Every structure is written in structure tokens, then in C-alpha cells.
Peer 1: 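Handing you a structure now.
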Amino acid sequence: MALRAVAASRGLRRFFSTSTLPAFNPLPTADAAQQKQDAEPSTNLFISGLNKRTTTTENLKQKASEFGEVVHAKVVTDRVSGYSRGFGFVEYANLEDAAKGVAGMDGKYLDGWVIFAEYAKPRSTQTPPSSNVSSPYGNRYPPYGRQ
DNA sequence: GGTGAGCGG
């Protein structure tokens, strides 16, 4: 009668239940922790949100010097047009100053614009390929990209 | 000349 059907469905439900529980990821915290990873700490900082109309190099260096020893500070400008591209790079002397610079400049105002400071990606540890012909430095290069 | 996410010589 119906008792057999109820018992059978209950048994099937228990079977599916026991076979479904440990099937998927029992520890989603490990995957979430792997996804939540900030940029690797480095002395080079990527500053975005700068004002395009003015060369904020001096202001950026002065602003970054308040949180640590700044080795380099530059606003990236287009080579052909010469206009600022709105972002720059700041290199600190050590990682602690870089961390303080990020915590101190990220989300702050600079020249009327909110800037964003985070760790920059390592562009290249080798000499650029376009440095054998039209380079004012010849084969030698200034100490850029040093760590 | 100068938009508004982005990664430079």
C-alpha cells in the first residue's frame, strides 16, 4: 500500500541526503582565502587618479615623502604628446614605507582628485628592447627599476 | 586637447 511507498521514498531521501552532503566543497574558506589576495608587497607603488592637466610629479613626491623615504616619484606622460596619462609611480626605500605610503595616500585627495595607491606590477627587470637605437642614454640606463 | 580605467623609459 502507501506504507511501502513512504518507506521507500524516505529511504531514498536519506540516501540522497547522505550522498549529497559531503559531495561538494566542505571547506569554502580555503578557496575564499585564496581568492582574497592583495598585490604582492613591493617598493614600487602605482598611483592612479592623478590630475591630467598638471604634472603632479612634485606634488606626488611631496605627498609620498610624508609617509616614508621616497626614492623615485614620477607621473607617466605620453612620449609623443607629452600630456599626463593620469597615473604615476612612487618607489619607496623599503617595504614598510611603501605600506605606509599606500595606507596614507590611498583614497586621499591630490590636486583636487582622489588618488589610489597600490603596489605596482613588476614591469621588467631587464633592459627594454627599444633601447639600442634611439636612446639618449645609449646602452647605459639610469637606475630605474632597481629593487 | 584632455575624456577618468588603468601599469612606465
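Throughout, protein chains are lettered first and strands after them, A, B, ... in sequence-line order, and every chain is numbered starting at 1. These numbers come from a predicted model, not from an experiment.
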Peer 1: Restricting to salt bridge (Lys or Arg N to Asp or Glu O under 4.0 Å), what partner residues turn up for A:Lys100, sequence neighbours left out?
Peer 2: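 Scan of A:Lys100 (salt bridge (Lys or Arg N to Asp or Glu O under 4.0 Å), adjacent residues dropped) gives A:Asp97.
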Peer 1: Could you list the residues that satisfy side-chain contact (heavy atoms from CB on, under 4.5 Å) with A:Phe116, not counting sequence neighbours?
Peer 2: A:Ser48, A:Asp106, A:Val114
Peer 1: Would you mind telling me which residue lines up with the more 5' stretch of DNA chain B, A:Phe46 or A:Arg53, judged by nearest nucleotide?
Peer 2: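 Result of the comparison: A:Arg53.
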Peer 1: Applying a 4.0 Å non-hydrogen cut-off, can you work out what A:Ile47 is touching in the nucleic acid: base, sugar-phosphate, or nothing?
Peer 2: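 The residue A:Ile47 makes no contact with any strand.
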Peer 1: At a heavy-atom distance below 4.0 Å, what parts of residues 100-118 of chain A sit against DNA chain B?
Peer 2: A:Trp113, A:Glu118
Peer 1: Scan A:Ser84 against the nucleic acid and name what it touches under 4.0 Å (heavy atoms): base, sugar-phosphate only, or nothing.
Peer 2: nothing
Peer 1: Please list all pairs passing the side-chain hydrogen bond (donor to acceptor under 3.5 Å, both in side chains) test where one or both residues lie in residues 49-60 of chain A, with sequence neighbours left out.
Peer 2: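 For residues 49-60 of chain A: A:Asn51-A:Arg53, A:Thr54-A:Asp111.
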Peer 1: Check whether the aromatic ring of A:Phe87 stacks on the base of B:dG6, taking stacking as ring centres less than 5.5 Å apart and planes within 30° of each other.
Peer 2: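 Stack criterion not met.
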Peer 1: Measure from CG on A:Leu45 to P on B:dG8 and round the result to the nearest Å.
Peer 2: 16 Å
Peer 1: Using side-chain hydrogen bond (donor to acceptor under 3.5 Å, both in side chains) as the criterion, list what pairs up with A:Ser65, not counting sequence neighbours.
Peer 2: none
Peer 1: With heavy atoms under 4.0 Å as the rule, sort A:Gly49 into base, sugar-phosphate or nothing.
Peer 2: base
Peer 1: Residues in side-chain hydrogen bond (donor to acceptor under 3.5 Å, both in side chains) with A:Arg85, at least two apart?
Peer 2: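 By the side-chain hydrogen bond (donor to acceptor under 3.5 Å, both in side chains) rule, A:Arg85 matches no residue at all.
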